[in-house]
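One structure is given below, encoded as structure tokens.
None of the values given here were measured: they were computed from a predicted structure. Each chain gets a letter, A, B and so on, in the order the sequences are listed, and its residues count up from 1.
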Amino acid sequence: MAEPVFALIDCNAFYASCERVFRPDLARTPIVVLSNNDGCVIARSADAKPFVKMGEPYFQVRATLRRHGIRAFSSNYALYGDMSQRVMTVIEGLVPELEVYSIDEAFAELSGMPGSLEALGRRIRAEVWQCTGILVGVGIAGTKTLAKLANHAAKRWQRQTGGVVDLRDPGRRDKLLQAVAVGEVWGVGRKLTQQLQELGIRTAWDLAQADTRALRQRFSVTMEKTVRELRGISCLPLDEVVAPRQEICCSRMFGRRVRELPALREAVASYTARAAEKLRAQGSLCRRLRVSIRTGMFNPEEAKYGQGVLCELPYPSADVRLLTRFALAGLERIYREGFAYSKAEIHLLDLCRRGEYTDDLFAEAPPLAAERLMSVWDAINARWGRGTLHLARVPGHPQWGMRREMLSQSYTTRIDQLWRVRAE
DNA sequence: TCTGGGGTCCTAGGACCC
DNA sequence: TCTGGGGTCCTAGGACCC
């Protein structure tokens, strides 16, 4: 078999770019996008990066943003999700195999492609730009970890590289490894960076030279793979098929603190409904769920409390009514009066595929009608929009709902919010 | 006033079994 | 007086990613 060749294609400042595509008037205005509840900065356009850090709380940087004329947006996941699909569709048309790795990046496998891969990279860039208005960077190498690093270089030296870097040449690879800090390597986060530095490993090059056996002992097999990948030995294959999730979670901060049980019930029911939707969308059932609530974590003045409880279902199910019943019963067990809650979470655990689990001979049998009811339920919501059909527990406009004060339109997914263009 | 959400993988350690 | 060895399964926690 031929040596694999991977490309990592990654959108530049993706959320900020999506906002800009539909606001050409903001082409020269720096943009940041905020997390849910307008909590903190999670994306910045290139011209905003010098002024605001990733992850900074909005309320702390608001003055800075105003001073530099930076425009803030609430996150608009309907828009970003749809734009992501468009980008991926374009790329899929140009490469033999694609693994969509996240909302804004994808790995491709290019071994056996004729012609210059750098030219192919430029073509991907040009076509994605033309079809979607989104700019991507392309990194090419013999392993995923090196392709990530190549992509990093393509971004960092965008002007010199034109946004495409082919790192297959060993000389070029080693030069880059020596120039890049170990913390930039895929799989090396904050904690590991610190521990590696204590061992004298400062650059990606140092890591590639390190003794794999010792590192595996000290850290884990994941670290060993990273080292091997840096040396050009491919350990992480392309995963084209998306495996079904092994757990599904819906967790959200409230738009404002919640003290009373009835409002918490609403939130737990709403989150359970969303989680159950995801569960059915991948054709799974769950056997257990965990519901948890907690107060704010940052304000030292606030009394802190957090608790979760695991609930066992009588049989594997994706029936929103059953899941909600158990989630609410769990909530009653963990709720304590007198706290200002900021967040609730639902985790669906122990997932299995429909028809691929062994029934318990003595356990309660799942009602047969439930499955059909849920598929009609999903069909109605798919046709008329999420939430058209919902349990009475789930309010339409809850007082604890998410804050999104700077939300852009859903230009591409809502007929009543289409982009308006005026001809002069 | 105010600090995101949703995942994965790996390991250690305890419970339990024969 | 003395108290095995080897295995599995589960859970919690820690690290990472975007």
Examine [N]: is either OP1 or OP2 under 4.0 Å from a nitrogen or oxygen in the side chain of [X]? Give yes or no.
X      : N      : value
A:T222 : B:dC9  : no
A:K148 : C:dC17 : no
A:R216 : B:dC10 : no
A:R403 : B:dG4  : no
A:K343 : B:dG5  : yes
A:R404 : B:dG4  : no

Check ion pair A:D350-A:R288 (N to O, under 4.0 angstrom): yes
Which part of the nucleic acid does [X] contact within heavy-atom distance under 4.0 Å: base, sugar-phosphate only, or nothing?
X      : result
A:R288 : sugar-phosphate
A:Q60  : base
A:L34  : nothing
A:Q246 : sugar-phosphate
A:I248 : sugar-phosphate
A:N37  : nothing

Test item: [X] side-chain N/O and [Y] main-chain N/O as donor-acceptor pair under 3.5 Å:
X      : Y      : result
A:E229 : A:C235 : yes
A:R280 : A:A318 : yes
A:S35  : A:C40  : yes

If you check every side-chain atom of [X], which of [options] has the closest atom?
X      : options               : answer
A:M253 : B:dG7, B:dC2, B:dG5   : B:dG5
A:R290 : C:dC18, C:dA12, B:dT3 : C:dA12
A:W186 : B:dG6, B:dG4, C:dC18  : C:dC18
A:Y101 : B:dT11, C:dC17, B:dT3 : C:dC17
A:N299 : C:dC16, B:dC2, B:dT3  : B:dC2
A:S251 : C:dC16, C:dC18, B:dG6 : B:dG6
A:L192 : B:dG4, B:dG6, C:dC16  : C:dC16
A:E247 : B:dT8, C:dC16, B:dC2  : B:dT8
A:C40  : B:dG4, C:dC18, B:dC10 : B:dG4

Start at the 5' end of DNA chain B and walk down; is the nucleotide closest to A:C249 or to A:R62 reached first? A:R62
Closest-nucleotide ordering on DNA chain B, the 5'-leading residue of A:C250 and A:R257: A:R257
Among A:D378, A:V394, A:L391, A:L279, which residue meets the side-chain contact (heavy atoms from CB on, under 4.5 Å) test with A:V320?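 Answer to the side-chain contact (heavy atoms from CB on, under 4.5 Å) test with A:V320 among A:D378, A:V394, A:L391, A:L279: A:L391.
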Rounded to the Å, how far apart are [X] [atom1] and [N] [atom2]?
X      : N      : atom1 : atom2 : result
A:R218 : B:dT11 : CZ    : P     : 15 Å
A:Q282 : B:dT8  : CD    : P     : 9 Å
A:K191 : C:dC16 : NZ    : P     : 7 Å
A:K53  : B:dT3  : NZ    : P     : 19 Å
A:E56  : B:dC2  : CD    : C1'   : 14 Å
A:E301 : B:dT1  : CD    : P     : 10 Å
A:R252 : B:dT3  : CZ    : C1'   : 17 Å
A:E345 : B:dG4  : CD    : P     : 12 Å

Within 45 degrees of the axis of the six-membered ring of A:F254 and under 6.0 Å from its centre: does A:R257 put its NZ or CZ there? no
C1' gap between B:dG4 and C:dC17, integer Å: 15 Å
Less than 6.0 angstrom separating the ring centers of A:F6 and A:W186, yes or no? no
Any strand: nucleotide that pairs with C:dG7 via Watson-Crick or wobble, under 3.5 Å: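 Its partner is B:dC16 (Watson-Crick or G-U wobble, both distances under 3.5 Å).
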